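Right, one structure below, let's go through it.
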Amino acid sequence: MKDNIIIRFEHVTKQYDNDPPVLNDVCFEIERGKFYTLLGPSGCGKTTILRLIAGFIGPSQGNIYFNGKIINHVPANKRQVNTVFQDYALFPHLNVFENVAFGLRIKKLKNAEITEKVKEALRFVNLKGYENREISEMSGGQRQRVAIVRAIVNEPEVLLLDEPLSALDLKLRTEMQYELRELQRRLGITFIFVTHDQEEALAMSDEIFVLNNGKIEQSGTPTDIYDEPINRFVANFIGESNIVSGKMIKDYVVEFAGKTFDCVDKGFNPNETVEIVIRPEDLEITPKDQGKLQVRIDSQLFRGVHYEIICYDQDGNEWLVHSTRKVKVGDEIGLHFDPEAIHVMRLGETEEEFDKRLENY
Amino acid sequence: MRNTSRNFYLIPYVLWIILFVVTPLFLVLYYSFFDIEGHFTLDNYKKFFTTVYLGMTLSSFWYAFLITLFTLIIAYPTAYLLTKTKHKQLWLLLIILPSWINLLLKAYAFLGIFGTYRAANSFLKMIGIGSKQLLFTDFSFIFVSVYIFLPFMILPIFNALNELNPSLVDAAHDLGGSSWTTFRRVIFPLTLDGVKSGCQVVFIPSLSLFMLTRLIAGNRVITLGTAIEQHFLVTQDWGMGSTIAVFLIIAMVIIMIVTGKKVVSKVL
């Protein structure tokens with residue numbers, strides 16, 4: 001086994017009573033020192049994975065390895081991981097200092113050492129001087145930081161973050177995204193971050209696991225997942241997409257919307273039915289006769305950085321376009337796109353088959 | 001307009017308080033300054049500070065303390081287990097149910113159970129300990145009192161435990177706390193308010209128990225409650241009875257202040 005793997009899930013299933021499984025036969029590996037994100041809609045099993053790693057629950061089937069050893073039955077208080085909880089779970093009867101010192105006191109460190117470590121850690125997240133504050137006197141963003149410090153002061157090998165930014169307002173959330181990313185680089189430990197916010201995931205992660213219905217749909221770097229989504233679910237969940245069905249005529253040639261187009265995909269059966277993804281920002285508005293597709297503009301919405309334009313082709317397919325140019329509703333226009341902008345998805349393909357096919361390109 | 005109508009709704013409440021709380025309190029205070037013949041005197045207060053009454057006070061506090069202690073020792077784990085059960089509201093109801101039965105009925109039931117030739121002694125014989133005098137002992141007095149007060153202690157502790165944010169317990173485990181450390185440093189401190197109100201509801205009535213002391217303890221345990229009852233109903237010395245009542249009220253007020261809820265600002 002590679003020794004840079006810190007956590008490994010081997011066919012892990014989690015099921016309560018006779019309900020459908022929350023996690024269904026999940027396998028993955030987590031490397032040391034990287035920023036991972038578990039991304040998916042609510043109920044997809046991402047928090048369950050986090051709780052399994054933390055040790056609050058145990059798997060129904062399968063094994064969880066930590067540094068090569070099975071930890072299925074190791075209780076939470078004996079694991080080298082710490083958690084930042086969604087509601088922060090700060091102890092309301094203790095002040096900031098005692099909250100941060102909680103783990104250190106359990107380790108029975110000397111008082112002087114505890115004081116030094118807590119002060120140092122608070123300075124690390126710009127909370128110097130807040131030691132004697134009560135938790136109720138802290139703002140949301142400050143509580144967030146106390147929760148992070150309380151976890152990292154114990155020097156865990158893995159830090160688990162359960163939607164820690166979801167309670168913050170937009171501006172603070174963006175700020176904290178930078179801070180967390182920066183923090184992970186400075187500490188050099190593994191972060192496993194749970195979120196349902198795809199922008200957050202794309203901005204922060206080295207690696208993203210997209211989950212749905214207790215299964216990992218796709219894993220990869222943010223660009224991999226954005227540019228090469230494996231299926232309709234991932235394409236829809238990560239960013240906005242135009243998804244139309246089509247036919248792969250042969251390698252590098254695909255047919256959709258009643259026309260054939262050059263593309264960069266291959267390895268399909270001749271005339272195989274496929275789904276086509278084109279991102280709205282890859283569509284370029286041209287005069288009607290110059291575009292690869294001819295569409296009629298149905299509506300237009302100003303979004304600040306761009307106009308969100310919805311058009312329909314003669315087959316009734318909907319096309320979402322992001323453009324900085326204003327258009328007129330009801331006009332007929334052309335849409336231009338590069339062969340690289342076309343992403344072809346095979347129906348019902350598993351991640352292994354998908355990876356294999358990509359390697360053959 | 002709104003203020004006047006609000007004041008209007010307050011009238012029944014204020015009337016009730018004046019008639020049945022404030023007036024009796026003043027009456028008790030008033031009577032405590034008169035002797036048995038109706039002459040104004042401070043003798044009652046002097047008498048209270050003699051060994052007889054101080055001993056009685058001490059014994060009242062001692063028994064009330066024991067009752068509260070044993071009730072707490074039984075109630076806390078019970079309440080904790082209750083919060084872990086699947087149908088916790090049902091179990092809670094079953095535990096509270098006996099408190100709806102009249103106290104006297106329960107006392108008479110125990111007279112039956114604890115009698116020399118009754119169930120409890122049969123059981124003792126069966127397990128080889130042999131027949132024992134159970135009724136009219138400290139043991140039976142405290143046992144029955146604990147039984148009667150148990151629901152009143154369980155309820156506030158159960159509520160406190162039930163309101164405890166479970167992720168705080170997870171957090172304590174996550175930070176390396178064993179089950180015991182988690183209990184000692186997180187669960188117990190955060191349910192202390194429940195424990196305090198439980199102790200209040202048990203300790204204060206225990207101070208003035210008098211039916212149980214007569215029925216179950218056979219008047220071998222004399223508390224302030226017994227003394228008040230005797231003075232009002234037997235010796236007809238209302239002055240002395242009132243004086244004891246005044247001290248009892250003072251004690252209760254002190255207890256309520258000491259165990260009173262500290263305003264803990266709740267987080268989340």
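Quick note on labels: first sequence line is chain A, next is B, and so on, each numbered from 1. This is a predicted model, so every value here is computed, not measured.
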*Quick one: do A:Lys14 and A:Asp19 make a salt bridge, cutoff under 4.0 Å?*
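Between A:Asp19 and A:Lys14 there is no salt bridge, as every charged N stays at least 4.0 Å from the carboxylate O atoms.
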*asked:* For A:Arg51, is there an ion pair with A:Asp162 - N to carboxylate O distance below 4.0 angstrom?
replied: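 No salt bridge links A:Asp162 with A:Arg51.
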*asked:* Counting only non-hydrogen atoms closer than 4.5 Å, does B:Thr181 touch chain A with its backbone (N, CA, C, O), its side chain (CB onward), both, or neither?
replied: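 The answer is the side chain of B:Thr181.
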*asked:* Can you tell me which portion of B:Leu168 sits under 4.5 Å from chain A's heavy atoms? Options are side chain, backbone, both or neither.
replied: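 Its backbone and side chain both get close to chain A.
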*Rounded to the nearest 0.5 Å, what separation is found between the OH atom of B:Tyr76 and the CD1 atom of B:Ile187?*
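Answer for the OH-CD1 pair, B:Tyr76 versus B:Ile187, is 6.5 Å.
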_A:Tyr130 six-ring centre to A:Arg145 NZ/CZ under 6.0 Å and within 45° of normal_ =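 No.
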*Relative to chain B, which segment of A:Phe102 carries a heavy atom at a distance below 4.5 Å: side chain, backbone, both, or neither?*
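Looking at A:Phe102, backbone and side chain both touch chain B.
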*Non-hydrogen atoms of chain B under 4.5 Å away: do they reach the side chain of A:Asn82, the backbone, both or neither?*
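Contact with chain B is through both the backbone and side chain of A:Asn82.
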